[in-house]
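For reference, the structure discussed in these notes is given below.
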2 protein chains.
Amino acid sequence: MSLPHAILTALLEKPSSGLELTRRFDKSIGYFWSATHQQIYRELGRLEREGYIRALPAPTPARGQKKEYEVLPEGRAELARWTAASQDPKPLRDPLLLRLRAAAVVGTDGIEADLRRHLDLHRRQLAEYEEIEKRDFPPGLDSVEDRLQHVVLRAGIDLETFWARWLEQSLEELGLDLS
Amino acid sequence: MSLPHAILTALLEKPSSGLELTRRFDKSIGYFWSATHQQIYRELGRLEREGYIRALPAPTPARGQKKEYEVLPEGRAELARWTAASQDPKPLRDPLLLRLRAAAVVGTDGIEADLRRHLDLHRRQLAEYEEIEKRDFPPGLDSVEDRLQHVVLRAGIDLETFWARWLEQSLEELGLDLS
DNA sequence: TTCTCCATGTAATTCGTTACATGATTGT
DNA sequence: ACAATCATGTAACGAATTACATGGAGAA
């Protein structure tokens, strides 16, 4: 039940149309909760039916016309309720770890190349996050909002750092040099 | 498409019935690919229909009777193929990070207690993994299989370490002492 | 006999993904 | 006029979650 709340958060930050939301989900919020335009349109319809958001009055409402949404007080209340509610952490589910475990049974042939590729992808993502940190979070920011957004970005940076280090160590441990 | 391959791996390690698999998915393999008994039974049926596994001949095949499965050569081949195939890393998707982002908009009321709870849960999981490491991976193990299983466990340990540290730092950053 | 596990399933729903469809706007 | 792009959707499917159903075996 996270997607509707991701959308409510995005719309509170700035009222938007479906496609604008889709673009914003390719960065920012999408860094920790991705979504496609099909999911977003479906969810916008649901949220509107349930009275959490409404479409801003448009001159000519028609298919193919831009439709902007804003959050209603009920939507904000629901988001506050959900944010405060306790939730268990999801158990880890990672195909790459599963593949290594399988490789212990059927052999490691062909997996090293993909480990190196993952290492490269995580390094790139890390660099991107660090760019954002440098740009958007100069030292000396103090508001609670800034601090919250910063710790979230920190999670992204630390996670990518973990993956990169772990992949480096694992490649070495398995006797595969780093090219 | 990971669940069938998780099951093939588990069955290669040791032929099992559905319920035995379910129990093993509560530990070991389940630490990085969890599954419920409903998923497992459905997938066992599919794998059998497709000729990847077969039920061992039982004295009295009937509902409510234990049914053991073993992997056929086709199943092993499919697992080897999947293990070697390239796969993109899944984008991060974490409800807790989303809630912090939402809290930047609707306020932090009620979220600190859950952050502390998550910290506690991650510390417990970390302790459990470290127990396993001490028990199953004494220094001096050398086979490729052991090393592979060890780096997988290492990923679990490092991930839990990351979450615990990140939660400690975030609670502090948000001005909430660690009680 | 009834209760409690063990063991194997079915059913309904939701969420995410992939592919496709349609209208409006802008540039050439 | 045509193509490309913007924008909003539909349809179909697969995977995961939740709840429920059925049967067998042993203990009180």
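Letters A, B, ... mirror the listed sequences (proteins, then strands); counts begin at 1.
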Checklist outcome for this item: Hits for side-chain contact (heavy atoms from CB on, under 4.5 Å) against B:Pro89, two or more places apart or cross-chain, chain-then-number order -> A:His118, A:Leu121, A:His122

Checklist entry - Taking only residues two or more places apart in sequence, or in another chain, which ones meet B:Ala84 in a side-chain contact (heavy atoms from CB on, under 4.5 Å)? => result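 Testing B:Ala84 for side-chain contact (heavy atoms from CB on, under 4.5 Å), a comparison that skips the adjacent residues, returns none.
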
Checklist entry - So do the side chains of A:Glu78 and A:His5 get within less than 4.5 Å of each other, counting heavy atoms only? => result yes

Checklist entry - Of all residues at least two apart in sequence or in a different chain, which pass the side-chain hydrogen bond (donor to acceptor under 3.5 Å, both in side chains) check with A:Gln125? => result none

Item to check | By side-chain hydrogen bond (donor to acceptor under 3.5 Å, both in side chains) - contacts of B:Arg76 (at least two apart) | outcome: none

Measure the distance from [atom1] on [X] to [atom2] on [N] and round it to the nearest whole Å.
| X | N | atom1 | atom2 | value |
| --- | --- | --- | --- | --- |
| A:Lys66 | C:dG23 | NZ | P | 21 Å |
| B:Leu47 | C:dG9 | CG | P | 13 Å |
| B:Glu68 | C:dT8 | CD | C1' | 14 Å |
| A:Asp88 | D:dT18 | CG | P | 11 Å |
| A:Lys67 | D:dG9 | NZ | C1' | 9 Å |
| B:Ile40 | D:dA16 | CD1 | C1' | 12 Å |

Item to check | Residues within residues 17-29 of chain A bordering DNA chain C, heavy-atom distance below 4.0 Å | outcome: none

Checklist outcome for this item: 5' to 3', nucleotides 13-20 of chain C under a 4.0 Å protein heavy-atom cut-off (B base, S sugar-phosphate only, - none) gives --SBBBB-

Checklist entry - So, is A:Tyr41 near the phosphate of D:dG9, with a side-chain N or O under 4.0 Å from OP1 or OP2? => result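 No, outside the criterion.
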
Checklist entry - Among pairs that include at least one residue of residues 83-100 of chain A, which meet salt bridge (Lys or Arg N to Asp or Glu O under 4.0 Å), considering only residues two or more places apart or in two chains? => result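 Of all non-adjacent pairs touching residues 83-100 of chain A, those that pass salt bridge (Lys or Arg N to Asp or Glu O under 4.0 Å) are A:Asp88-B:Arg117, A:Arg99-A:Asp114.
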
Checklist outcome for this item: salt bridge (Lys or Arg N to Asp or Glu O under 4.0 Å) pairs touching residues 1-16 of chain B, sequence neighbours excluded, are A:Arg101-B:Glu13, B:Glu13-B:Arg24

Enumerate donor-acceptor pairs with a distance under 3.5 Å from any side-chain N or O in residues 132-140 of chain B to protein atoms, sequence neighbours excluded.
| from | atom 1 | to | atom 2 | distance (Å) |
| --- | --- | --- | --- | --- |
| B:Glu133 | OE1 | B:Arg154 | NH2 | 3.2 |
| B:Glu133 | OE2 | B:His150 | NE2 | 2.9 |
| B:Glu133 | OE2 | B:Arg154 | NE | 3.3 |
| B:Glu133 | OE2 | B:Arg154 | NH2 | 3.2 |

